[in-house]
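Here the structure is laid out as structure tokens; the discussion comes afterwards.
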Amino acid sequence: MCNGILPSLAIVVPCYNEEEIFPICLESLSKILIDLISQYKINKNSYILFVDDGSSDLTWSLIKKAVEKGDKVKGIKLSKNQGHQIALLAGLSFINTDISISIDADLQDDINAIYKMIEEYYIGNDIVYGVRSDRSSDSRFKRITANSYYKFMSIMGVYQVENHADFRLLSNRANKSLLKYNESNIYIRGIIPLLGYRSSKVFYSRKKRVAGQSKYPIKKMLSLAVEGITSFSIMPLRIISVLGFITCLSAILISLYALIQKFEGHVIEGWASIMISIFFLGGIQLISIGVIGEYIGKMYLESKKRPKYFIEEEC
Ligand code: UDP
Ligand code: MG
């Protein structure tokens with residue numbers, strides 16, 4: 001709270017084909033918003049912003065209906081599906097409130113944690129991370145992949161808050177700082193810890209999706225992981241150099257061994273060793289080219305400075 005004036009809040013919800021869940025999401029979030037207003041935690045200009053990420057179902061018409069009915073709802077529609085990160089960014093760029101809270105439409109994150117987030121804001125935190133204290137509602141596969149992902153990311157030198165997705169509170173200045181990161185390949189979760197400011201965590205247990213299917217199939221999950229690593233770390237490039245060095249060193253040692261064998265008069269059967277080295281080196285080279293290609297591709301995309309999204313409609 002600044003100078004005794006209540007802050008305004010925008011809850012930003014990216015939605016992609018969420019027609020099944022939308023009514024429940026709208027109702028639950030509206031309740032929280034009204035509750036917070038009546039408790040004098042936030043002011044009356046607070047609202048929920050739904051970002052339709054180019055849905056092909058009825059999501060956008062449901063958002064429009066909700067806007068017509070209530071004054072605490074706004075909506076923007078992106079011109080095509082851009083993915084969760086960009087949809088969220090579009091929402092965060094659109095709002096101009098003292099606080100923003102981003103949350104998924106599927107209500108897997110406990111919306112009651114919003115109260116605690118606001119408390120944390122009041123005691124001076126600019127960033128409040130929503131952190132899942134247990135993932136028992138996720139499938140075994142999702143849990144294992146998520147855990148290995150965090151481990152792998154930290155080995156690769158990318159710091160991010162463990163078990164935190166994109167359920168978080170940002171103050172206006174933290175939000176503005178985030179928007180200054182103008183990169184095309186944006187990985188919001190990795191950037192937030194780089195912003196600095198005072199931050200804290202709020203723990204909650206993650207629930208199952210209320211309805212509908214996960215919009216993050218394995219392909220999107222993998223691409224988010226590659227995005228995360230290559231946007232924040234040059235460790236893969238370093239690993240290539242180390243691999244190359246080790247391979248060269250072993251090649252020298254093997255040649256020495258072969259020479260010694262020859263002087264001692266042993267006949268060396270060369271076929272197997274030659275084939276193995278060709279395949280081994282060929283493999284390493286291909287992987288290395290692939291990794292380098294990934295970074296060059298990234299530079300190519302960044303250098304074009306293409307716009308990330310277009311807003312087709314607003315309501
Ligand atoms: N989402 C989006 N664009 C996409 C994919 C997902 O805006 O291309 C939204 C989706 O509607 C949801 C949130 O991002 O509000 C998280 O997606 P989901 O729940 O499917 O991911 P999961 O929880 O399975 O990781
Ligand atoms: Mg989900």
Side-chain angles (χ1 to χ4, degrees), residues 10-29 48-63 66 73-95 100-111 113-114 130-132 134-150 153 160-168 185-189 204-228 308-313:
I11 304 180
V12 181
V13 195
C15 307
Y16 177 53
N17 293 343
E18 300 286 12
E19 60 179 10
E20 282 170 82
I21 244 166
F22 183 80
I24 313 168
C25 175
L26 174 68
E27 199 197 317
S28 326
L29 289 178
I48 309 169
L49 173 70
F50 290 100
V51 182
D52 176 18
D53 186 16
S55 301
S56 51
D57 66 356
L58 292 175
T59 305
W60 181 240
S61 59
L62 291 176
I63 295 174
V73 187
K74 292 186 185 186
I76 50 173
K77 176 181 167 54
L78 302 191
S79 58
K80 73 186 247 298
N81 178 241
Q82 299 284 11
H84 173 234
Q85 297 287 293
I86 301 285
L88 179 54
L89 204 70
L92 294 176
S93 314
F94 185 81
I95 57 168
S100 70
I101 291 182
S102 47
I103 187 165
D104 290 352
D106 58 8
L107 302 183
Q108 281 189 283
D109 306 306
D110 183 5
I111 51 172
I114 291 178
V131 177
R132 298 163 205 164
D134 84 297
R135 301 186 71 117
S136 51
S137 64
D138 277 346
S139 69
R140 214 176 122 80
F141 175 73
K142 185 110 194 173
R143 251 180 297 158
I144 293 174
T145 47
N147 279 339
S148 342
Y149 172 61
Y150 288 119
M153 292 292 267
Q160 56 178 329
V161 176
E162 212 163 305
N163 288 324
H164 159 71
D166 284 297
F167 181 28
R168 79 175 77 78
N185 302 285
I186 198 147
Y187 183 62
I188 301 175
R189 259 171 260 181
Y204 64 94
S205 65
R206 187 161 157 101
K207 300 184 206 133
K208 274 202 169 16
R209 240 177 185 275
V210 178
Q213 290 281 314
S214 169
K215 309 294 180 300
Y216 259 98
I218 184 82
K219 203 177 129 216
K220 273 194 183 169
M221 255 156 66
L222 275 178
S223 85
L224 188 72
V226 172
E227 196 72 12
K308 291 190 262 291
Y309 59 86
F310 296 110
I311 296 178
E312 188 180 306
E313 252 181 86

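As the structure lists them, so they are numbered: ligands from 1, and atoms in each ligand from 1. Atoms considered below: every heavy atom in the structure, side chains included; atoms not considered: hydrogens, waters and symmetry mates.
Between Arg168 and Ile188 there is a side-chain heavy-atom pair separated by less than 4.5 Å. For the pair Phe94/Leu49, a side-chain contact is recorded, criterion being any heavy-atom separation below 4.5 Å from C-beta on.
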- Applying side-chain contact (heavy atoms from CB on, under 4.5 Å), run through Val51 and Leu88 and close with a yes or a no. CA-CA 7 Å; Val51 182; Leu88 179 54; over 6 Å; no
- Message: Using the rule given for side-chain contact (heavy atoms from CB on, under 4.5 Å), can you reason through Ile103 versus Ile111, listing the C-alpha separation, both sets of side-chain angles and the distance that settles it, and then say yes or no?
- Response: CA-CA 8 Å; Ile103 187 165; Ile111 51 172; 3.6 Å; yes
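Under 2.8 Å from the Mg ion (ligand 2) lies no N/O/S atom of Asp104, from backbone or side chain alike.
Nearest N/O/S atom of Asp106 with respect to the Mg ion (ligand 2) is recorded as OD2.
Of the heavy atoms in Gln108, only side-chain atoms (C-beta onward) come closer than 4.0 Å to ligand 1. Contacts of Asp104 with ligand 1, taken as heavy-atom pairs under 4.0 Å, involve both backbone and side chain. Proximity of Cys15 to ligand 1, defined as any heavy-atom pair under 4.0 Å, is confined to the backbone N, CA, C and O atoms. Here Asn81 has side-chain heavy atoms under 4.0 Å from ligand 1, and that is the only part of it that gets that close. Within the 4.0 Å heavy-atom criterion, both parts of His84, backbone and side chain, lie near ligand 1.
No N or O atom of Ala87 sits closer than 3.5 Å to an N or O atom of ligand 1.
If you run side chain to side chain contact (heavy atoms under 4.5 Å, CB included) between Leu29 and each of Ile24, Ile11, Val73, only Ile11 comes through.
The contact set between ligand 1 and Glu18, taken as ligand atoms under 4.0 Å from a residue heavy atom, comprises 10 (C), 11 (O), 12 (C), 15 (O).
Of all the heavy atoms in Thr59 and Cys15, the pair that sits closest is CG2-CB, 3.8 Å.
Under the 3.5 Å distance criterion, with hydrogens and angles disregarded, a donor-acceptor pair is assigned to the side chains of Gln85 and Asp166.
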